[in-house]
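These values consider heavy atoms only, across backbone and side chains, with no hydrogens, waters or symmetry-generated copies. So you know, we letter chains A, B, ... as the sequences are listed, proteins then strands, and number each from 1. As the structure is a computational prediction, the values presented were derived from the model and not from experiment.
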There are 2 protein chains.
Amino acid sequence: MYERKIKEDLDCGITIAMKVFGAKWKPCIIDAIARGIRRPSELHREIATTSLRVIEMQLSELVTYGVVTKKIYTGFPLCVEYFLTPMGESILPILEQLNAWGLKNKDAVQQVNNYQSIEKDALSQYSSICQ
Amino acid sequence: MYERKIKEDLDCGITIAMKVFGAKWKPCIIDAIARGIRRPSELHREIATTSLRVIEMQLSELVTYGVVTKKIYTGFPLCVEYFLTPMGESILPILEQLNAWGLKNKDAVQQVNNYQSIEKDALSQYSSICQ
DNA sequence: TCGGATACCGAATAACTTTTCGGTATGAAC
DNA sequence: GTTCATACCGAAAAGTTATTCGGTATCCGA
């Protein structure tokens, strides 16, 4: 297993939250499971922009943190389902709030991204000089 | 300037939010500014676990996104102050919610971290097998 | 027996972020 | 003129995370 070189501050709530659901695809996966998409292959079809491997890795991390539970059906077809735990459910309103904030500020952020590729000095408007 | 190889989905609110304030020290910095700590050197004293360079870089990013404004005093001593914009203020309740979630689930997460360094199979309790 | 759908995993690589290091500049005070 | 505290920046190194690649295994049905 990979061993961190830089210590994390696991007393800071934000650090803990980011560790549990702050990775690139975890919010998508949590949201999809909440919408009833439960199997890895289904999740992969839903989130086609990343690989199945990535989804599986994130799922297994979410399981270890207790955000989702895994249900294995031994019959045919080979089938596994993931469900949100209460802890997982409690993340949903936070994701919704993050999403709402992002959409509200979407224009400003996209504009900055454009400025950056055109001319950096256009940003100087953001600072003021006082005597 | 660094140019991304992997495209970002700037239509997803969560991605946007994470881009703006999802970096390692940005929540600390935003929170500190909200508490009235405004100058880079003060912020560095407050957040002593990282370097001044890091704080300056994050601050300049926050300025470009419009989260904080920069006020330059040309007199002596050389002095600069950062303030939250309304957009910056609107991040505070989200940070508070993230922090609260993390603290509420702190024990569970810390326990997982301990399990991981002792025995990985202790985690198998999280999945169930069904017929 | 082989192919197809499912699920999973190790390891290497690529991409990205954070940190460190060494430098510039200002104005006051000694 | 040297030193000090402030603020800032470029570039390399170190660290972390995401992605790709190639493999295993199961069970069914053709």
Side-chain angles (χ1 to χ4, degrees), chain A residues 1-9 15 18-29 37-45 47-64 70-82 120-121 123-124 127 129-131, chain B residues 1-9 15 18-29 37-45 47-64 70-82 120-121 123-124 127 129-131:
Chain A
M1 193 183 42
Y2 178 73
E3 194 169 331
R4 295 192 149 274
K5 306 276 164 56
I6 299 177
K7 285 284 165 292
E8 294 176 296
D9 179 9
T15 306
M18 286 299 98
K19 189 180 175 67
V20 174
F21 59 89
K24 185 165 181 187
W25 299 102
K26 279 178 182 171
C28 293
I29 293 172
I37 302 168
R38 311 202 181 291
R39 302 177 57 190
S41 54
E42 283 175 357
L43 287 164
H44 184 215
R45 272 190 290 273
I47 312 169
T49 27
T50 189
S51 70
L52 185 55
R53 176 74 175 123
V54 169
I55 290 172
E56 287 166 347
M57 282 191 304
Q58 306 289 291
L59 279 170
S60 101
E61 262 196 56
L62 291 173
V63 169
T64 66
K70 179 177 177 179
K71 214 170 182 178
I72 304 168
Y73 298 92
T74 54
F76 180 81
L78 181 55
C79 174
V80 165
E81 286 187 338
Y82 293 88
K120 216 187 166 183
D121 285 330
L123 298 165
S124 62
S127 52
I129 300 187
C130 308
Q131 312 316 326
Chain B
M1 193 183 37
Y2 178 73
E3 194 169 329
R4 294 189 154 276
K5 306 277 166 54
I6 298 176
K7 285 286 165 294
E8 294 175 297
D9 179 9
T15 306
M18 286 299 99
K19 190 180 174 68
V20 174
F21 59 88
K24 186 166 180 184
W25 298 103
K26 279 178 184 170
C28 294
I29 292 172
I37 301 167
R38 314 203 178 288
R39 302 177 57 190
S41 55
E42 284 174 358
L43 288 163
H44 185 215
R45 271 189 290 274
I47 312 170
T49 27
T50 189
S51 70
L52 185 56
R53 175 73 174 123
V54 169
I55 290 171
E56 287 166 346
M57 281 191 306
Q58 307 289 290
L59 279 172
S60 100
E61 261 196 55
L62 291 173
V63 169
T64 66
K70 179 177 179 180
K71 212 168 181 177
I72 304 168
Y73 298 91
T74 53
F76 181 84
L78 182 53
C79 173
V80 165
E81 286 187 336
Y82 293 88
K120 215 189 168 183
D121 285 330
L123 297 166
S124 62
S127 52
I129 301 189
C130 308
Q131 314 313 329

Residues forming a side-chain contact (heavy atoms from CB on, under 4.5 Å) with [X], sequence neighbours excluded:
X: B:Leu78; answer: none
X: A:Leu52; answer: A:Pro40, A:His44, A:Glu56
X: A:Ser60; answer: none

Report task. Mind listing the closest non-hydrogen atom pair of A:Leu59 and A:Leu43 along with its distance? Result ->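 Nearest heavy atoms, A:Leu59 then A:Leu43: CD1-CD1, 4.0 Å.
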Report summary line: Closest non-hydrogen contact found for B:Asp9 with B:Thr15 is O-CB, 3.5 Å
Roughly how many Å is it from [atom1] in [X] to [atom2] in [N], rounded to a whole number?
X: A:His44; N: C:dA5; atom1: NE2; atom2: P; result: 14 Å
X: B:Lys7; N: D:dT19; atom1: NZ; atom2: C1'; result: 16 Å
X: B:Leu62; N: D:dC8; atom1: CG; atom2: P; result: 13 Å
X: A:Glu61; N: C:dC8; atom1: CD; atom2: C1'; result: 16 Å
X: B:Lys5; N: C:dT17; atom1: NZ; atom2: P; result: 12 Å
X: A:Tyr73; N: C:dC8; atom1: OH; atom2: P; result: 13 Å
X: B:Glu3; N: C:dA14; atom1: CD; atom2: C1'; result: 16 Å
X: A:Glu42; N: C:dA5; atom1: CD; atom2: C1'; result: 13 Å

Report summary line: What residues 52-60 of chain A contributes to the DNA chain D interface at heavy-atom separation below 4.0 Å is A:Arg53, A:Val54, A:Met57
Report summary line: Of B:Tyr2 and A:Ile6, the one whose nearest nucleotide on DNA chain C sits closer to the 5' end is B:Tyr2
Which listed nucleotide ([options]) is nearest to the side chain of [X]?
X: B:Pro40; options: D:dA7, C:dA15, D:dG15; result: D:dA7
X: B:Trp25; options: D:dC8, D:dG15, C:dT18; result: C:dT18
X: A:Arg45; options: C:dT19, C:dA7, C:dT6; result: C:dT6

Requested in this report: Taking side-chain hydrogen bond (donor to acceptor under 3.5 Å, both in side chains) as the test, write out the residues that go with B:Glu61, two or more places apart.
Outcome: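 Expected list: B:Lys26.
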Requested in this report: Report the residues that fulfil side-chain hydrogen bond (donor to acceptor under 3.5 Å, both in side chains) with B:Glu81, sequence neighbours left out, ordered by chain and then residue number.
Outcome: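 So B:Glu81 forms a side-chain hydrogen bond (donor to acceptor under 3.5 Å, both in side chains) with B:Tyr73.
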Query raised in the report: Can you list the residues that meet the salt bridge (Lys or Arg N to Asp or Glu O under 4.0 Å) rule with A:Glu42, with sequence neighbours excluded?
Result: none
Can you tell me if [X] touches the phosphate of [N], counting only side-chain N or O atoms and a distance under 4.0 Å to OP1 or OP2?
X: A:Arg4; N: D:dG15; value: no
X: B:Arg39; N: D:dA7; value: yes
X: A:Lys19; N: D:dT17; value: no

[atom1]-[atom2] distance between [X] and [Y], expressed to the nearest 0.5 angstrom:
X: B:Ile55; Y: B:Ile47; atom1: CD1; atom2: CD1; result: 5.0 Å
X: B:Thr49; Y: A:Lys7; atom1: OG1; atom2: NZ; result: 14.0 Å
X: A:Lys70; Y: A:Tyr82; atom1: NZ; atom2: OH; result: 4.0 Å
X: B:Arg39; Y: B:Arg45; atom1: CZ; atom2: CZ; result: 8.0 Å

Requested in this report: Note the angle between the end axes of the helix from C:dT1-D:dA30 to C:dC30-D:dG1, five pairs defining each, rounded to 10 degrees.
Outcome: 30°
Query raised in the report: With sugar-phosphate meaning primed atoms plus P, OP1 and OP2, does B:Pro77 contact a base, only sugar-phosphate, or nothing at under 4.0 Å between heavy atoms?
Result: nothing
Report summary line: Heavy-atom contacts, protein to nucleotides 24-30 of chain C, under 4.0 Å, summarised as B (base), S (sugar-phosphate only) or - (none) per nt, yield --BSS--
Query raised in the report: Nearest nucleotide by nearest heavy atom, which residue falls closer to the 5' end of DNA chain D, B:Ser41 or A:Lys24?
Result: B:Ser41
